[in-house]
Every structure is written in structure tokens, then in C-alpha cells.
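Read the structure below first, then the notes.
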Amino acid sequence: MAQQTVQDARVEVDFDSAAPRIEPEVQGHFAEHLGRGIYEGVWVGEDSAIPNTDGFRNDVLAALQRLEIPVVRWPGGCFADEYDWRDGIGPREERPARINTHWGWVIEDNAFGTHEFLNYSEALGAKPYVAGNMGSLPAIEMGRWLEYMTGDLPTELAEMRRANGREEPWDVPYFGVGNESWGCGGNMRPQYSADLHRRYSTFLKAPPGKSVVKVATGANIDDYDFTEALMRDARHTMDAVSIHYYTFPGSWEDKGPATGFGRDQWASTLKHALRMDELVTNHVAIMDRYDPEGRVALYVDEWGTWYDSEPGSTPGFLYQQNSLRDAHVAALTLNIFHRHTRRVKMANIAQMVNVLQASILTDGEQMLLTPTYHVLEMYKPFRNAVPLDTQVETPRYVEGEYELPLVDVSVARGADGKLVVSLVNLSPETPARVATNLEGSATGRIITGPAMDTHNTFDNPETIRPAAYSAEEDGGRLVFDLPAKSVVVVTID
Ligand code: AHR
């Protein structure tokens, strides 16, 4: 692909602006019992030849620890509304075998259950976000699961937890009341889902002195009626409402490949990723009508790319490669969340390992970090930072029917007072030179590659990784040279 002439963009930051800080939890993850996400990806069992600690594979655990993941949502997804938490406690050899009806019709042996998830969360230093079953278990079971995990009195459930090896109660700060009740979680209509939320959340009680954020399962994409019904009829019984949005370049039936795509699919993917802004804006507008003071948060608790599964991979396992294009989707999406900090307090990329837009891929003993992992790692300085209003004058990047900004920028003031800046060049062929009103010394990292689908493989796991980057100064102001298809994050001293 021929490199084109450099195009100029300009960024003007309003240093006096102030918005609610970027919650670390917008960099959250989602890990479902799906394909090789939990089994093989996270859990190999104590007897595995793959080096592990108490059954958790060491390489993945160490890589996730480096990411300092703020929160992990588990066990689904669609899996959550068929999951009986009682299947996943007690001696492993006595746990029942079930069918994972959603994902490949494979045996779920329940080796990874509540203790394993909460211990893993502790090992990661991540807050657990448990998604409960509103679709197929009685309401009281949601409360009982929470009591099992968090109860400190000598009740039957807390004693059961102690007998199963955990003396101290865990903290479970977030609890999802169902998942996708409009679809795999029960095919409910919005009104019915709102009513069920009211009923189930009534029985979800944190022990005195503790609290749990109750998250209502919410809309798919642009189903604004769903948000309307929940906010109108159930807002007093929730602390947050979720939406789910996946990015794919083609149609639901024919999404397109994860690698080996053309410029149209690159542009289509980024265009679809940018739609997150419109969706959040519109859902928030509904929330604002019912909750003008902004008490109820919006959690985008499933987002990411969804392509055709890799040829030869198990049907239903949603295993896909991850390329420079995914790095762009991750950066653009996080930048959108930075613009909506008043409501967007959590987001969970789908999914953590081996599934959809994964940060880590494994194959037997091998592991690789994806471009998405690197972007999430680069974005860590944005956690707790205060976003600043930023005007971006940018040329357009046009590809067939798709028109996008050439450059996307997010600027925030970190807790340490330093500015952190991300810049994305969306064009696969046009470099950009971005003039700013920023001063100082800007150093950080860049991720880019020779092809739109540059990616890591198990044979070449370091083909794409971040490199050092620094901005230039021109007349005392910082100027950023962005190669085509690149993501840059710097902090300014
Ligand atoms: O992440 C894969 C699936 O996508 C989840 O199980 C479901 O909630 C969504 O439709």
C-alpha cells in the first residue's frame, strides 16, 4: 500500500474544563464459560503439564497481572442464565457435568466455579463482577449465591463456604441481575424484564456494612425501548444498567475474517466501532430524562470485535485472531468512554482470553499477547484521570461509502497532575501531523505495523508490540507525527 502525503490536523485542549474522572473500571474485562476462555485460557487444573498455580496457568496469570485489570465480569454472557452456582462449589470430583448449550454443546464439568473465580480475581487484584441467573433460577438463588460469597454470620451457606475452603467472606462489589434478558437470557420483552429486575434485585442483599452494585441487564445495541422501560419502571431498584455492543465489519451472518481483509473492511470496522458514541449518547439521553441527577450508571459490560471464527477452530468457541485493526477499535472505544464519564462507569471488553477480541491467545503451552492487550496496557495512565475538552480539527479519511475522521484524540489530566494523551490515526495509508496547544515533553509508546492485519502468531509472538515514541516541539508547542494506522499514548512532563 503506497504511503500518501502527510495530512495536517490540529488539537486544542481546554485546560480549564473538568469532567468526572475516568473510572478504572472502564478498562474492565469479561470472561465467560465459552470455548477456551476459562478452560485452557485461565484454568488448566492442578494436574496439567502446563505450569500452573492451583490450576491457574502461570503465563496467562502473570500477563493479566501486568495489565492490573480493574474488574472482571463472570461467568457469562449467555452462560450466566443457565448457570446454577451450586454446580461449581465443593469437591471438584463431585461437581456435576452439564452441557454448555450456548457454546458448542460441550461438557461443562464445573471445575472452575465460584471459589476459583473469586480466588483468581484476588490473584489478579481485580474486583469481581458476578452475573447472576435471572432467566432460569428462582429469585432467592441470586440472594443465596451472594450470601454464600459474602456472608459472615454462621449461616448454613457461609458455613458451606468455609467447609469448601474459604473462611473469610469475599467482597463482591458488582452483581449483574441477569444477562441479555431480551435474548439468550429469556427472550423477554422490555416491560417483563423491568418487572423481573425489580423482583430479583429485591432479594439481592449485601450484608450490613457492605454494598453491592446491582446491574440491570439492559439493551442490545440501539434497543432504546429497553432502556426506556428499565429506567421508567425499575430505576429505583438498580445502580447501573448495561448495554451490549459488538463491532463487526459485515453482517451478523457474514461478519468477515479477523485477518486477510481489505481496506473496505478496515474502514467498515472502525466506522462501526465509532458508533459506540452515538449509542452511548442516545441511551444516556433516555437515562437523563428519568434520572437527571445521574445516580444510575451505564455499564457497557460487553463490547469488542466479533469476526468469523478462525477456520478450523471449534464451532461455537468464538476464537478469532487479533490484529492492528483491533488495536484501533480498542483505542477508539476507550476514547469514546472518556467522553462519557458522567454515566459510563464500567465497560468490559469481550473477552479476556481466547474468545472474540481477546487480550491473550493460547495454544497448548504457548501464549501470545495481542495488539488489544498492548493498547489496554498503554491506556493504563488514563485510569482515574480527568478528561479535558479537546477540539480536534481533522481531515476526513474516506474509503468508498465510509467517511471517518483521520485522527481521534483523547486528553486527560492524571491523578499525578501529568497530562496523558492518546492519538489514533485511522487511515491505513495516510500519515498525519497533529499540531497542538500542549507544552512540555511528551513520551510514551506507539503501536503500528506494516499491514492492516499485522498480528502475532505462536511462531512469531512479537511481530507487533509497542515501541517508544516521543513528540516533537515546534515553537514551544507539541507536534505529533502519526504514521498511518497507528495508536499513540504519551504522558507529558
Ligand atoms: O460474548 C459472547 C456473547 O455475546 C455473550 O455470551 C452474550 O451475552 C452476547 O450475546
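Note that the numbering runs from 1 along the sequence shown for the chain. FYI, side chains are in, hydrogens and waters are out, and symmetry mates aren't considered; it's all heavy atoms of this structure. Just follow the structure's listing: the first ligand is 1, and inside any ligand the first atom is 1.
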For ligand 1, which atoms have a heavy atom of [X] less than 4.0 angstrom away?
{"X": "Glu180", "value": "7 (C), 8 (O), 9 (C), 10 (O)"}
{"X": "Asn179", "value": "8 (O)"}
{"X": "Leu356", "value": "1 (O), 2 (C)"}
{"X": "Phe30", "value": "1 (O)"}
{"X": "Gln351", "value": "1 (O), 2 (C)"}

Under-4.0 Å heavy-atom contact with ligand 1, by part of [X] that carries it:
{"X": "Trp303", "result": "neither"}
{"X": "Glu32", "result": "side chain"}
{"X": "Phe79", "result": "neither"}
{"X": "Trp103", "result": "side chain"}

Quick one: sort the His272 and Phe248 rings into parallel, tilted or perpendicular, breaks at 30° and 60°.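 Rings of His272 and Phe248: parallel, under 30°.
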Side chain His33, main chain Asn100, donor-acceptor under 3.5 Å: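 Side chain of His33 to backbone of Asn100: no pair is present.
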When you measure from the side chain of Trp303 to the backbone of Thr247, do you find a donor-acceptor pair of N or O atoms at a distance under 3.5 Å?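 Looks like no, no N/O pair under 3.5 Å.
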Would you check the N or O atoms of Tyr246, main chain and side chain alike, for any that come under 3.5 Å of an N or O of ligand 1?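 It does: an N or O of Tyr246 is found under 3.5 Å from an N or O of ligand 1.
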Any N/O of Cys78 closer than 3.5 Å to an N/O of ligand 1?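 Yes, Cys78 has an N/O under 3.5 Å of an N/O on ligand 1.
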In terms of side-chain heavy atoms, does Asp301 have a donor or acceptor partner in Tyr129 at a distance below 3.5 Å?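 Yes - a donor-acceptor pair under 3.5 Å links their side chains.
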For atom 7 (C) of ligand 1, what's the nearest protein heavy-atom neighbour? Residue, atom name and distance, please.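 Going atom by atom, the protein heavy atom closest to atom 7 (C) of ligand 1 ends up being Glu302 OE1, 3.3 Å.
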Nearest atoms (heavy-atom pairs only) where Thr372 meets Ala330: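 In this case the closest contact between Thr372 and Ala330 is CG2-CB, 4.4 Å.
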Distance-only donor-acceptor hits, side chain of residues 211-219, under 3.5 Å, sequence neighbours excluded:
residue	atom	partner	partner atom	Å
Lys214	NZ	Ser201	O	2.9
Lys214	NZ	Leu204	O	3.0
Thr217	OG1	Glu180	N	2.7

Looking at Phe317, I'd like to know if the NZ or CZ of Arg36 sits under 6.0 Å from its six-membered ring centre while staying within 45 degrees of the ring's axis.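 So Arg36 doesn't make the cation-pi contact.
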Which one of Asn322, Leu361, Leu368, Thr370 satisfies the side-chain contact (heavy atoms from CB on, under 4.5 Å) criterion with Asn456?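 Of Asn322, Leu361, Leu368, Thr370, side-chain contact (heavy atoms from CB on, under 4.5 Å) with Asn456 is met by Leu368 alone.
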